[in-house]
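Basis for what follows: all heavy atoms, side chains included, without hydrogens, waters or symmetry-related copies.
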Amino acid sequence: MGEFWPVPDALAHLSGRWRVERTVRDLASGDRGRFEGTTVFGPMEGGGLLHRESGTFTWRGVARPAERTLRFLPGPGGTALVRFADGRPFHDLDLTTGRHVADHPCAADLYRGEFTVHDGDHWRTVWRVRGPAKDLELTTGYARMG
């Protein structure tokens with residue numbers, strides 16, 4: 001992949017509006033889906049960023065509106081603590097080297113995410129989901145907008 005772009009302060013870097021393109025592959029069935037939309041990282045009362053993603057998810061030929069909300073809280077040394085919208089822990093995020101791997105156990109499934117920063121305006125996540133009922137790979141590219 002080449003070199004990664006170190007980010008001393010994850011929240012400062014993520015703040016703003018991003019174009020999002022995600023591919024979803026079901027490795028068991030071979031099905032593929034696609035999400036296209038935007039993510040806005042805006043300030044939250046009390047500190048941190050509210051991540052609001054919205055767009056269109058197409059799965060098996062059917063396009064539907066999709067959205068999600070996450071909370072990115074300040075962590076130690078320029079890192080972030082990522083929480084679901086309801087406050088439950090999701091994962092930590094340390095982009096100081098430009099690359100980070102995070103695990104999130106969810107019932108019998110394990111979500112492993114790799115975060116890579118390519119420059120000031122492009123970053124990517126690859127989530128691999130494995131479990132008794134899931135075998136997925138979700139690859140998301142982010143490009144800063146204006």
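Among all heavy-atom pairs drawn from L70 and L50, the shortest one is O-CD1, 3.5 Å. Minimum interatomic distance between H51 and F41 (heavy atoms only, all atoms of both residues): CD2-CZ, 3.3 Å. Here the shortest heavy-atom pairing between D103 and H91 reads O-CB, 4.4 Å. Between L81 and P74, the closest heavy-atom pair is CD1-O, 3.9 Å. In this structure, T38 and R17 approach most closely via the heavy-atom pair CG2-NH2, 4.0 Å. Scanning both residues, H100 and D94, for their nearest heavy atoms gives CB-O, 3.1 Å.
Remark: R112 CZ is loosely packed, at most 12 non-hydrogen atoms of other residues, nucleotides or ligands lying under 6.0 Å away. Under a cut-off of 6.0 angstrom, the local environment of CZ in R32 is sparse, with at most 12 non-hydrogen atoms contributed by other residues, nucleotides or ligands.
In terms of modelled atom types and a separation under 3.5 Å, the side chain of S15 and the main chain of A12 share no donor-acceptor contact. Between the side chain of R25 and the main chain of E137, no donor-acceptor pair closer than 3.5 Å is present.
W59 places a side-chain heavy atom less than 4.5 Å from the side chain of D26. By the 4.5 Å heavy-atom criterion applied to side chains, R128 and L110 are not counted as neighbours. Between R124 and H118, some side-chain heavy-atom pair lies under the 4.5 Å cut-off.
For the atom pair CZ (F35) and CG (L138), the distance works out to 11.5 Å, reported to the nearest 0.5 Å. The NE2 atom of H104 sits 9.5 Å away from the CG atom of D109 when rounded to the nearest 0.5 Å. Distance check: E114 CD to T139 OG1 gives 10.0 Å after rounding to the nearest 0.5 Å. Residue L49 holds its CG atom at 12.0 Å from OG1 of T39, rounded to the nearest 0.5 Å. Taken from CG in L93 to CG in L14, the straight-line distance is 6.5 Å, to the nearest 0.5 Å. Rounded to the nearest 0.5 Å, atoms CZ (R83) and CG (D92) are 9.0 Å apart.
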With side-chain contact (heavy atoms from CB on, under 4.5 Å) as the criterion, how do L73 and M44 come out once you've worked through the C-alpha distance, each side chain's angles and the decisive distance to 0.1 Å?
CA-CA 9 Å; L73 305 176; M44 275 190 335; 3.3 Å; yes
From CA spacing to verdict: side-chain contact (heavy atoms from CB on, under 4.5 Å), Y142, T125:
CA-CA 8 Å; Y142 297 84; T125 65; 4.1 Å; yes
Residue pair E21, R34: steps toward the side-chain contact (heavy atoms from CB on, under 4.5 Å) verdict
CA-CA 7 Å; E21 294 182 4; R34 182 168 185 82; 3.2 Å; yes
Would V129 and K134 satisfy side-chain contact (heavy atoms from CB on, under 4.5 Å), going step by step from the backbone distance to the final call?
CA-CA 6 Å; V129 185; K134 294 180 184 172; 3.8 Å; yes
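Residue F90 is tested with W127, F72, Y111 for a ring-ring contact (aromatic ring centres under 6.0 Å, His included); the sole match is W127.
Within the structure, salt bridge (charged side-chain N to carboxylate O under 4.0 Å, His left out) contacts touching residues 55-65 (residues at least two apart or in different chains) are D31-R60.
W5 has its ring centre less than 6.0 Å from the ring centre of H13.
When the side chains of ILVMFWY residues are joined at heavy-atom separations under 4.5 Å, either directly or via intervening members, V126 and V117 end up in two distinct hydrophobic clusters.
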